[in-house]
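Note sheet for the following structure.
Naming convention: chains lettered A, B, ... in sequence-line order (proteins, then strands); numbering from 1 in each chain.
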Number of protein chains: 2
Amino acid sequence: MGNRLNGFGACSTEVKMACPVEMTLHINGGKWKGIILDILSHQSVRFNELKRLIPGITQRMLTLQLRELEADGIVKRKVENTVPKKVEYSLTEHGKKLSPIIASIRIWGNEYMNKNE
Amino acid sequence: MGNRLNGFGACSTEVKMACPVEMTLHINGGKWKGIILDILSHQSVRFNELKRLIPGITQRMLTLQLRELEADGIVKRKVENTVPKKVEYSLTEHGKKLSPIIASIRIWGNEYMNKNE
DNA sequence: CCGTATCCCGGCGGATACTG
DNA sequence: CAGTATCCGCCGGGATACGG
């Protein structure tokens, strides 16, 4: 049910929430976070490759959403200081626990999109 | 992976999306939809009771979010024309398929909120 | 009891240009 | 290659009042 706790949870956007469902959806609620997590749940990816895999996203938004996911402890950022620079993004242990959920979500979404055929 | 299809899916907000994960998160992405679905996944509820169960929500927002969920085929609205009026909200068959996902999401959220204890 | 109708504001996200 | 910096428009959502 509502399942409200005594305390409040916090996340990078500093919005306080008591309901864990609200919380989770808020953390993954950015316009591009769904597809980002979807991709990262299958592989580690570099910045520009991520950009290439997500048609329509701007550099700015990709950076912002990745920074939030990082601040929320979902995504890991590994910098290799070569020239040119190389930055690899992957899921943290906590983020990996989201993978099965993302998978279910994709399955549901596919069914939903094909419901009138 | 990105899993983009040839066609596009549509939902009540008339935003076109190709990625089923984006689609699902968008459908459930309103500020209050998470907790609404969480509640409805356990019981059918009348309008005012729903309002009571969701502290902070306004009548306007509750109506709007319910209307969107209804338009997206997630929520069913049953009107009993008594005096005073009685309106009961519940999940559709399609909406019920979201319940296990909501449950996983709640579990993850709880873990997340207690991660520093 | 169950909603609409208005008004209004903050901030998410787009476009574009620049940098280590 | 992997980002910042700046500007700005739009609309999600809050507050409030009214209606069947």
Mind checking if A/Lys86 touches a base, just sugar-phosphate, or nothing, with heavy atoms under 4.0 Å?
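The answer is sugar-phosphate, as A/Lys86 gets under 4.0 Å only of primed atoms, P, OP1 or OP2.
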Polar side-chain atom of A/Asp38 near backbone of A/Gly34 as donor-acceptor pair, under 3.5 Å:
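Such a contact is absent between A/Asp38 side chain and A/Gly34 backbone.
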Cationic N near anionic O, under 4.0 Å, [X] to [Y]:
{"X": "A/Arg52", "Y": "A/Glu49", "value": "yes"}
{"X": "A/Lys97", "Y": "B/Glu111", "value": "yes"}
{"X": "A/Lys33", "Y": "A/Glu68", "value": "yes"}

Under 4.5 Å between side-chain heavy atoms, counting indirect links through other Ile/Leu/Val/Met/Phe/Trp/Tyr residues: same cluster for A/Ile101 and A/Ile107 or not?
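Hydrophobic grouping puts A/Ile101 apart from A/Ile107.
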Distance in angstrom units between [X] [atom1] and [N] [atom2], rounded:
{"X": "A/Glu88", "N": "D/dC1", "atom1": "CD", "atom2": "P", "result": "15 Å"}
{"X": "B/Arg77", "N": "C/dC2", "atom1": "CZ", "atom2": "P", "result": "10 Å"}
{"X": "A/Glu70", "N": "D/dA2", "atom1": "CD", "atom2": "C1'", "result": "13 Å"}
{"X": "A/Ile54", "N": "D/dA2", "atom1": "CD1", "atom2": "P", "result": "14 Å"}
{"X": "A/Phe47", "N": "D/dA2", "atom1": "CZ", "atom2": "C1'", "result": "6 Å"}
{"X": "B/His26", "N": "C/dC12", "atom1": "NE2", "atom2": "C1'", "result": "13 Å"}
{"X": "A/Leu62", "N": "C/dC12", "atom1": "CG", "atom2": "P", "result": "17 Å"}
{"X": "A/Glu80", "N": "C/dG20", "atom1": "CD", "atom2": "C1'", "result": "18 Å"}

In 5'-to-3' order, the base (B), backbone-only (S) or no-contact (-) status of each nucleotide in nucleotides 9-19 of chain D, using a 4.0 angstrom heavy-atom cut-off, is ----BBB----
As a test of reading the structure: which of C/dC2, C/dT4, D/dA2 is closest to the side chain of B/Arg46, going by heavy atoms?
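Of all the options, the side chain of B/Arg46 is nearest to C/dC2.
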Among the nucleotides C/dT4, C/dG20, C/dC2, whichever has the atom closest to the side chain of B/Arg67 is C/dT4
Could you go through the side chain to side chain contact (heavy atoms under 4.5 Å, CB included) check for B/Val21 and A/Ile35 one step at a time?
CA-CA 6 Å; B/Val21 177; A/Ile35 192 171; 6.0 Å; no
With side chain to side chain contact (heavy atoms under 4.5 Å, CB included) as the criterion, how do B/Thr92 and B/His94 come out once you've worked through the C-alpha distance, each side chain's angles and the decisive distance to 0.1 Å?
CA-CA 5 Å; B/Thr92 62; B/His94 223 86; 3.8 Å; yes
